[in-house]
Number of protein chains: 2
Amino acid sequence: MPVTIRDVAEAAGVSIATVSRVLNNIDHPVSVETRQRILACAESLGYRPNVAARSLRTDRSATVGIIADDIIGPFATKIIRGIQDRLRQAGYLCVIISADWDPNAEREAIHDLVSRSIDGIIFSETWHHTAVDLLDLASKPYVFVHRQFAAPGEYSTIPDERYGAHLAMNHLIGLGHRRIGYINGPEHYYASALRLAGYREELESAGIVFDPALVARGDWGLESGYIAMQYLLKAQPRLTALFAGNDLMAAGAIYALQDAGLRVPEDVAVVGYDDREISRTFRPRLTTVTLPCYEMGQAAAQMLLDRMEGKAEVAAEVQVRGCLLVRESCGAPRESTTGCEDGAGEKRQSRR
Amino acid sequence: MPVTIRDVAEAAGVSIATVSRVLNNIDHPVSVETRQRILACAESLGYRPNVAARSLRTDRSATVGIIADDIIGPFATKIIRGIQDRLRQAGYLCVIISADWDPNAEREAIHDLVSRSIDGIIFSETWHHTAVDLLDLASKPYVFVHRQFAAPGEYSTIPDERYGAHLAMNHLIGLGHRRIGYINGPEHYYASALRLAGYREELESAGIVFDPALVARGDWGLESGYIAMQYLLKAQPRLTALFAGNDLMAAGAIYALQDAGLRVPEDVAVVGYDDREISRTFRPRLTTVTLPCYEMGQAAAQMLLDRMEGKAEVAAEVQVRGCLLVRESCGAPRESTTGCEDGAGEKRQSRR
DNA sequence: TTGAAAGCGCTAACAA
DNA sequence: TTGTTAGCGCTTTCAA
């Protein structure tokens with residue numbers, strides 16, 4: 001049988017109210033010796049407050065919910081880890097639910113969470129957010145992280161995609177390249193538009209005129225990168241560098257380049273995006289821009305924490321910057337990473 | 001303000017006891033009309049039972065805890081997904097905690113979970129399990145999934161590693177290979193010993209004598225596969241096939257082979273293990289044995305469900321089999337997968 | 001077949 | 001500075 005607040009009170013020879021006051025650090029006068037005694041008793045008895053009982057009284061549970069369309073993706077896991085680490089620090093546990101792109105599942109998830117008196121919800125990489133009315137109704141705070149479609153909206157944490165594209169392009173231009181191709185992602189993705197914008201801006205500020213023939217579109221998949229590269233090669237055979245919308249397409253593009261008898265990075269320099277596993281295992285190893293998933297998770301958790309505390313000045317939108325990891329595919333000498341503290345993108349890799 | 005059982009009782013003109021009986025399907029006589037009326041009222045009011053209140057009474061919460069040393073790894077995520085899907089089906093939600101290989105964190109996690117009245121715990125890929133005494137104390141059931149070190153022990157779900165090795169080797173031998181190298185994983189891993197055993201057994205049953213010079217050791221990393229392959233090439237230059245302990249080492253080995261002027265699969269056929277992302281993006285695409293993570297997760301969830309229901313005949317250990325995915329690196333014609341239903345290993349891949 | 005009421009462990013308002 | 005007590009929403013025993 002677990003130890004209750006009553007047991008502690010008895011052991012310390014005081015009332016349960018006093019115990020509660022001490023253990024919760026309530027601003028209420030308690031004599032020093034009593035406090036000491038209670039703390040000692042609680043400690044030695046191994047007292048742990050019953051969260052259910054507390055929730056019943058306070059409608060708070062030191063638990064937050066994470067709803068993700070898929071918890072298995074390469075970004076989602078890192079985001080979730082970032083959220084958890086920050087939240088645990090603040091004493092919260094996380095309940096994670098995958099909604100599988102199903103609005104009904106999402107509504108159900110919210111109900112399940114609310115009926116557990118969770119204190120807030122983080123939506124991670126969710127497509128829709130039709131169900132937040134339920135939360136407004138229950139007056140639970142919520143926050144979004146890495147919404148990939150349409151505008152991120154209020155209380156969002158997203159990557160600074162434009163900045164990432166600047167990093168990649170600036171590097172390539174600095175290496176002396178002028179004819180730089182770009183393989184964009186699918187149209188409806190938020191990242192596609194912004195990375196393209198970054199590509200154009202950086203070109204412009206270097207005084208290079210934008211050439212539409214240098215831009216192709218893929219679907220984030222490796223195969224699509226291959227096809228896009230073939231198209232680019234036909235349209236503009238004289239390009240000397242490529243910025244790919246993500247690492248997978250970069251890999252596909254390199255295969256196409258190799259099949260066309262071109263060497264990477266000697267003939268064409270390539271920079272990818274995302275710092276996926278493939279960028280480390282590929283030959284040549286891919287120079288890439290990191291997607292700061294872990295950091296976004298942390299930032300989202302912080303934002304939720306702020307909202308839960310009722311802070312007035314919660315920023316509506318936080319942008320997190322990745323950094324450039326210079327490896328082999330761009331032909332540059334190994335140099336220090338650009339854009340954030342040393343090697344941040346190399347952290348948090350899994351074992352095995 | 002949320003709807004309580006009292007609201008429903010009032011609306012239906014009955015006592016809260018009756019409502020509780022109907023809504024929980026308790027075996028207690030209730031007239032058909034009353035039942036109907038209560039159900040209708042609950043529905044139309046949108047009643048959701050307060051889980052905290054229920055937990056307080058029953059010490060159950062329809063929530064289970066998952067403790068993993070790292071939730072970010074390639075296997076962990078899929079295992080967790082399998083657990084969740086099975087458990088949600090049974091009406092449970094999951095709280096996930098990463099313990100980071102820290103025994104203290106693990107103990108803390110258990111406390112946090114127990115104080116939330118969780119109904120059971122699944123340990124996913126945890127190294128140690130020193131803290132289960134706490135659970136025995138609280139009389140909460142628990143279960144292990146994919147313990148990678150030492151013996152799996154009671155209530156474990158693990159992959160059938162030996163069977164997987166048989167699949168790989170049988171395929172290679174069937175292709176006519178006799179001199180087959182093997183790159184093993186690190187010594188203390190459970191999988192290393194069993195895959196090696198499977199390698200030897202299959203050799204033996206084909207009447208091929210085991211040659212120690214054909215076995216090298218890596219650390220699961222790509223680089224180590226490269227080095228191991230160089231060693232193998234020196235020790236036994238005439239091998240025609242390689243079975244690598246995992247996909248990463250297979251990739252490294254292929255790089256070494258290529259650097260030595262050998263072609264894969266023409267000169268040397270290669271089979272990997274795990275069906276990691278790299279096996280699909282590599283050139284040539286890797287033939288590999290799947291690690292049935294999702295299925296292990298499901299099996300573990302089922303095992304916990306059984307224990308929570310107090311079933312007597314819960315199996316002490318469940319082994320789950322993967323299957324062989326024939327792709328390009330082994331030089332075989334594309335054939336149907338062996339060992340499990342069609343394409344199981346191709347399911348559950350993430351988007352983007 | 002239904003209802004009244006106790007009480008799970010805790011917080012917080014009120015009293016002393 | 002400390003204690004008493006109501007009550008959060010629910011399940012379950014006992015009585016009707």
Side-chain angles (χ1 to χ4, degrees), chain A residues 1-39 41-42 45-63 111-112 114-119 138-139, chain B residues 1-39 41-42 45-63 111-112 114-119 138-139:
Chain A
M1 222 41 221
V3 181
T4 72
I5 196 174
R6 188 156 271 109
D7 298 324
V8 178
E10 234 159 73
V14 295
S15 74
I16 59 168
T18 308
V19 175
S20 174
R21 288 196 271 256
V22 169
L23 264 24
N24 291 306
N25 256 312
I26 301 272
D27 181 25
H28 190 103
V30 175
S31 82
V32 182
E33 6 166 2
T34 314
R35 161 165 278 122
Q36 298 296 352
R37 194 149 29 90
I38 290 173
L39 256 16
C41 288
L45 289 176
Y47 170 72
R48 301 273 168 169
N50 179 317
V51 176
R54 182 179 285 170
S55 305
L56 190 53
R57 271 299 300 204
T58 61
D59 196 31
R60 281 178 299 106
S61 58
T63 307
H111 276 128
D112 286 341
V114 170
S115 73
R116 277 174 177 74
S117 314
I118 47 90
D119 303 335
S139 57
Chain B
M1 223 42 217
V3 181
T4 73
I5 196 174
R6 187 155 272 111
D7 298 324
V8 178
E10 232 159 76
V14 294
S15 74
I16 59 169
T18 307
V19 175
S20 174
R21 287 195 271 258
V22 169
L23 263 24
N24 291 304
N25 255 313
I26 301 273
D27 181 26
H28 189 102
V30 174
S31 81
V32 182
E33 5 167 1
T34 313
R35 160 164 278 119
Q36 299 296 353
R37 194 149 30 90
I38 291 173
L39 255 19
C41 288
L45 289 177
Y47 170 71
R48 302 271 168 170
N50 178 317
V51 175
R54 182 178 285 170
S55 306
L56 190 52
R57 273 298 302 206
T58 62
D59 195 31
R60 281 180 298 105
S61 57
T63 307
H111 277 128
D112 286 342
V114 170
S115 73
R116 276 173 177 75
S117 313
I118 47 90
D119 303 335
S139 58

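The sequence lines fix the lettering, A, B, ..., with proteins before strands; numbering per chain opens at 1.
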Enumerate, atom names and distances included, each donor-acceptor pair closer than 3.5 Å involving a side-chain atom of residues 15-24 of chain A, sequence neighbours excluded.
| residue | atom | partner | partner atom | Å |
| --- | --- | --- | --- | --- |
| A/Ser15 | OG | A/Ala17 | N | 3.4 |
| A/Ser15 | OG | A/Thr18 | N | 3.4 |
| A/Ser15 | OG | A/Thr18 | OG1 | 3.2 |
| A/Ser20 | OG | A/Asn24 | ND2 | 3.3 |
| A/Asn24 | OD1 | A/Arg54 | NH2 | 3.3 |
| A/Asn24 | ND2 | A/Ser20 | O | 3.0 |

* Structure fact -> For B/Arg48, the salt bridge (charged side-chain N to carboxylate O under 4.0 Å, His left out) test, sequence neighbours excluded, returns A/Glu108

* All side-chain hydrogen bond (donor to acceptor under 3.5 Å, both in side chains) counterparts of B/Ser115, not counting sequence neighbours -> none

* **Contact pattern, 5' to 3', of nucleotides 10-16 of chain C - B, S or - by protein heavy atom under 4.0 Å** => BBBB---

* Structure fact -> OG (B/Ser55) and CG (A/Leu56) are apart, to the nearest 0.5 Å, by 9.5 Å

* To do: Would you mind telling me which residue lines up with the more 5' stretch of DNA chain D, B/Ala52 or B/Thr18, judged by nearest nucleotide?
  => B/Ala52

For a quick test of your reading: what N or O donor-acceptor pairs under 3.5 Å do the side chains of residues 4-14 of chain A make, sequence neighbours left out?
| residue | atom | partner | partner atom | Å |
| --- | --- | --- | --- | --- |
| A/Thr4 | OG1 | A/Arg6 | N | 3.2 |
| A/Thr4 | OG1 | A/Asp7 | N | 3.4 |
| A/Asp7 | OD2 | A/Thr4 | N | 2.9 |

* To do: Take the protein atom CD1 of B/Ile38 and the nucleotide atom C1' of C/dG3, then report the distance between them rounded to whole Å.
  => 12 Å

* Asked: Quick one: side-chain hydrogen bond (donor to acceptor under 3.5 Å, both in side chains) partners of A/Thr58, sequence neighbours excluded?
  -> none

* C/dT1 C1' sits how many Å from B/Asp27 CG, rounded? -> 13 Å

* Can you find a side chain N or O atom of B/Thr34 that sits less than 4.0 Å from OP1 or OP2 on C/dT1? -> no

* Asked: Over its full length, what angle do the end axes of the helix from C/dT1-D/dA16 to C/dA16-D/dT1 make, each axis taken from five pairs and the result rounded to 10 degrees?
  -> 40°

* Would you mind telling me which residue lines up with the more 5' stretch of DNA chain C, B/Val32 or B/Leu56, judged by nearest nucleotide? => B/Val32

* Take the protein atom CG of B/Asp7 and the nucleotide atom C1' of D/dG9, then report the distance between them rounded to whole Å. => 11 Å

* Structure fact -> Contacts satisfying salt bridge (charged side-chain N to carboxylate O under 4.0 Å, His left out) that involve residues 25-35 of chain B (not counting sequence neighbours) are none

* To do: Look at all strands and tell whether B/Ser55 reaches a base, only sugar-phosphate, or nothing, counting heavy atoms closer than 4.0 Å.
  => nothing

* Structure fact -> Residues passing the side chain to side chain contact (heavy atoms under 4.5 Å, CB included) test with A/Arg57, sequence neighbours excluded, are none

